[in-house]
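Structure first, then comments.
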Amino acid sequence: MKEYTRVFARIDLDAVVHNMQAMQANLTGGARMIGVVKTDGYGHGAVPVAQAIAPYVAGYAVATIEEARNLQLHGIDKPILILGATHPGRSRELVEYGIRPAVFTMEQARALSDAVMELNRERMAAKTAICPEPGRGKEGEPVRAYIHLAVDTGMSRIGLPCDEEGAALAAAIGKLPGICVEGIFTHFARADETDKAPAVRQWEKYRRFIEMTEAKGLTVPIHHVANSAAIIELGGTHWDMVRAGISIYGMYPSDEVERTKVKLEPVMSLHSFVTYVKDIPEGTEVSYGGIFKANRATRVATVPIGYGDGYPRNLSGKGSVLIRGRRAPILGRVCMDQFMVDVTDIPGVRADDPVTLIGRDGGEQITVEELARTGGGFHYEIVCDIGKRVPRVYVRDDRVVGTKDYFTDRYEDFIVS
Ligand SMILES: *Cc1c(COP(=O)(O)O)cnc(C)c1O
């Protein structure tokens with residue numbers, strides 16, 4: 001197992017499992033979970049997280065075809081949904097690999113239908129089994145495109161318009177040859193707010209849209225609406241499936257979301273080591289721009305992580321880290337690869353002392369939410385932005401079960417053929 005001596009993110013897979021169980025216990029009406037692992041599992045590592053949550057999910061959701069393919073290439077064999085728009089030019093790959101796109105225009109749907117026809121023609125001509133990729137179908141069975149219709153009930157991002165015309169379009173898409181409408185979904189814009197009225201309005205629009213499409217002869221097996229906020233607080237919207245994202249990673253969607261019903265445990269902690277300790281006299285400036293000037297004799301420790309690793313620069317002069325169980329305030333600007341902290345009041349700090357940037361040390365804890373609050377940032381963004389210079393160390397039952405780093409560029413291994 002590799003030892004990382006500069007910085008690493010510890011990913012607690014027991015906390016992931018705990019969070020899945022906590023959510024599952026809160027689901028209503030037999031709803032099943034879709035695990036959202038976009039942006040490399042919100043920066044935690046999509047593949048290890050997907051593996052850890054496999055017993056609890058019916059499938060996965062990602063943002064891009066490459067993210068879907070990466071999961072498949074790592075042996076993840078449950079259905080994978082792409083939540084955003086996929087270019088019609090990628091239809092053949094979607095069909096070949098059985099990746100479920102979010103569909104909301106006739107152009108997209110036709111391209112998928114055409115890809116199905118083309119693939120089936122080729123299979124008939126070749127009279128051979130195509131290699132058993134997930135979703136490619138069994139030998140002798142025709143290929144189909146499994147799609148999820150996206151409905152715009154208030155995000156104004158993607159989705160069919162939520163009216164009679166949209167419903168007619170949905171029904172027409174459902175009739176295209178080779179298309180199987182497996183799911184139909186919408187997304188809440190404001191489910192994480194105390195006032196649930198806007199979310200409830202979206203839910204009611206969605207329900208009416210489903211009635212309209214059913215009246216036009218389209219029935220869809222899987223309805224899914226709820227994100228983490230709705231999993232926690234809007235049980236009435238769980239229906240067939242829910243899409244769990246941020247809650248897998250042990251964070252609440254916002255400060256307004258109830259924290260007692262579903263108890264979440266943080267998954268990521270971020271660690272480094274002191275590289276250098278020195279004493280500076282009163283009046284000495286620290287870091288770029290001299291925005292910090294010591295007003296007393298100060299003991300300064302240097303920490304080898306910076307905004308180049310995704311540690312937010314907006315914590316300059318505001319944030320703190322934990323060393324020897326105590327808070328050490330950040331002095332001056334966070335640089336690209338390093339920053340300095342004040343350890344005057346922490347006795348005995350030496351080079352190689354562990355530094356906790358996110359997580360617990362003794363009785364102290366720094367959460368991602370605290371970093372977001374302190375720096376004026378957003379907690380989802382902070383974890384997504386933890387960069388490629390930060391190796392991930394996976395822990396289960398207090399044991400390191402795997403490590404993953406991005407130190408060498410080997411992207412050619414992952415190009416979709
Ligand atoms: C990202 C995303 C989710 C997950 O949202 P969380 O707030 O992280 O639970 C669910 N659905 C869609 C469409 C998304 O884009």
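Just so you know, ligand 1 is whichever comes first in the structure, and atom 1 is the first atom listed for that ligand.
- For the pair Ile11/Pro48, no side-chain contact is recorded, criterion being any heavy-atom separation below 4.5 Å from C-beta on.
- Of the polar atoms of Asn227, none of the N or O atoms is found under 3.5 Å from an N or O of ligand 1, judged by distance alone.
- A donor-acceptor distance shorter than 3.5 angstrom exists from the side chain of His379 to the backbone of Pro253, with no hydrogens or angles considered.
- Among Ile76, Val49, Asn70, the one residue that satisfies the side chain to side chain contact (heavy atoms under 4.5 Å, CB included) test with Val37 is Val49.
- If you number the atoms of ligand 1 from 1 as listed, the ones under 4.0 Å from a heavy atom of Arg157 come out as 13 (C), 15 (O).
- Close approach of ligand 1 to Tyr42 is summarised as follows: ligand atoms under 4.0 Å from at least one heavy atom of the residue are 1 (C), 4 (C), 5 (O), 6 (P), 8 (O).
- For ligand 1, the polar-atom distance check against Ser247 finds no nitrogen or oxygen pair separated by under 3.5 Å.
- In summary, of the residues considered (Asp309, Val303, Thr275), a side chain to side chain contact (heavy atoms under 4.5 Å, CB included) with Arg6 occurs for Asp309 alone.
- Atoms of ligand 1 found under 4.0 Å from any heavy atom of Ile246 (numbered from 1 in listed order, with element): 6 (P), 8 (O), 9 (O).
- Contacts between Leu83 and ligand 1 below 4.0 angstrom, taking non-hydrogen atoms only, involve the side chain exclusively.
- Distance from atom 7 (O) of ligand 1 to its nearest protein heavy atom, with residue and atom name: Tyr380 OH, 2.6 Å.
- Without hydrogens or angle criteria, His238 side chain to Ala230 main chain gives a donor-acceptor distance under 3.5 Å.
- Not one N or O of Pro253 is nearer than 3.5 Å to an N or O of ligand 1, by distance alone.
- Scanning the protein for heavy atoms near atom 9 (O) of ligand 1, the closest one is Ser228 OG, 2.5 Å.
- Comparing Met155, Met251, Arg243, Lys38 against atom 14 (C) of ligand 1, the shortest heavy-atom distance belongs to Lys38.
- Relative ring orientation between Phe407 and Tyr4 is described as perpendicular, the plane-to-plane angle rising above 60° on a 0-90° scale split at 30° and 60°.
- The distance criterion of under 3.5 Å between nitrogen or oxygen atoms is not met by Phe185 with respect to ligand 1.
- Within the structure, every pair that satisfies the ring pair (Phe, Tyr, Trp, His ring centres under 6.0 Å) test and touches residues 188-212, not counting sequence neighbours, is listed here: Trp203-Trp239, Tyr206-Trp239.
- A distance of 9.0 Å separates CE in Met117 from CG in Leu176, rounded to the nearest 0.5 Å.
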